Chemist: 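First the structure, which I've put down as structure tokens, then a few questions once you've had a look.
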Amino acid sequence: TGALTPVAGSPFYANVGATFALIYSIALSPSGKFLYAQGDENGDTYGFTVDSSTGALTSMTSPFQTSTTYMNNLVVDPSGNFLYVGNTTGSFFYLQIDQSTGALTAPSASNFLAFCRTLAVVKTP
């Protein structure tokens, strides 16, 4: 029917010490194993593992520091190897996704200058 049912433990929060992050954007990996969320204006990206049978989220050891602020969107490439991050201050960059843990690392020279309001990644045939 398309009816929605709450997942046990929902809502899920990105903890920042004693406070909770204001989330701007989320992205799910193509495998469905990892979910990433951009939070606040502090340059943090939060990672969660997704329980494939219940949909419940478990926080990874995060946030991952991305050293940028005013982020406005996330997108995972079709291979699930990279998370692209855009911000409104004139740049976007990418992070490599560890396929076994979901951890994010920044390759060298991953920052590109461009004014980003939205991002999209497509798979070509």
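The basis for the numbers below is simple: all heavy atoms, side chains too, and nothing from hydrogens, waters or symmetry mates. Since the model is a prediction, treat every value here as computed from it, not as a measurement.
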Chemist: Got a second to check how far N81's CG is from Q99's CD, nearest 0.5 Å?
Modeler: 5.0 Å
Chemist: Applying side-chain contact (heavy atoms from CB on, under 4.5 Å), run through L104 and L83 and close with a yes or a no.
Modeler: CA-CA 8 Å; L104 301 173; L83 175 70; 3.8 Å; yes
Chemist: Over all heavy atoms of both residues, which pair between F48 and A37 is shortest? Give the atoms and the distance, please.
Modeler: CE1-CB, 4.4 Å
Chemist: Measure the shortest side-chain to side-chain distance between I97 and V76 over non-hydrogen atoms and say whether it is less than 4.5 angstrom.
Modeler: yes
Chemist: For the CG atom of L74 and the CG atom of L95, what is their distance to the nearest 0.5 Å?
Modeler: 9.0 Å
Chemist: Quick one: closest heavy-atom pair of G80 and P30, and the distance?
Modeler: CA-CD, 3.7 Å
Chemist: Output the distance between atom CD (Q38) and atom OG1 (T45), rounded to the nearest 0.5 Å.
Modeler: 5.5 Å
Chemist: Please report the interatomic distance CZ(F82) to CD(Q96), rounded to the nearest 0.5 Å.
Modeler: 5.0 Å
Chemist: Using 30° and 60° as the class boundaries, would you call the ring planes of Y94 and Y84 parallel, tilted or perpendicular?
Modeler: tilted
Chemist: Can you find a pair of side-chain heavy atoms, one from L35 and one from L57, that are under 4.5 Å apart?
Modeler: yes
Chemist: One pair to check against side-chain contact (heavy atoms from CB on, under 4.5 Å): T105 and D98. What are the steps and the verdict?
Modeler: CA-CA 8 Å; T105 55; D98 181 303; over 6 Å; no
Chemist: Would you say the side chain of M60 lies within less than 4.5 Å of the side chain of T49, judging by non-hydrogen atoms?
Modeler: yes
Chemist: Measuring from atom OG of S29 to atom OH of Y36, what distance do you get when rounded to the nearest 0.5 angstrom?
Modeler: 6.5 Å
Chemist: Nearest 0.5 angstrom please: I26 CD1 to Y46 OH, how far?
Modeler: 15.0 Å
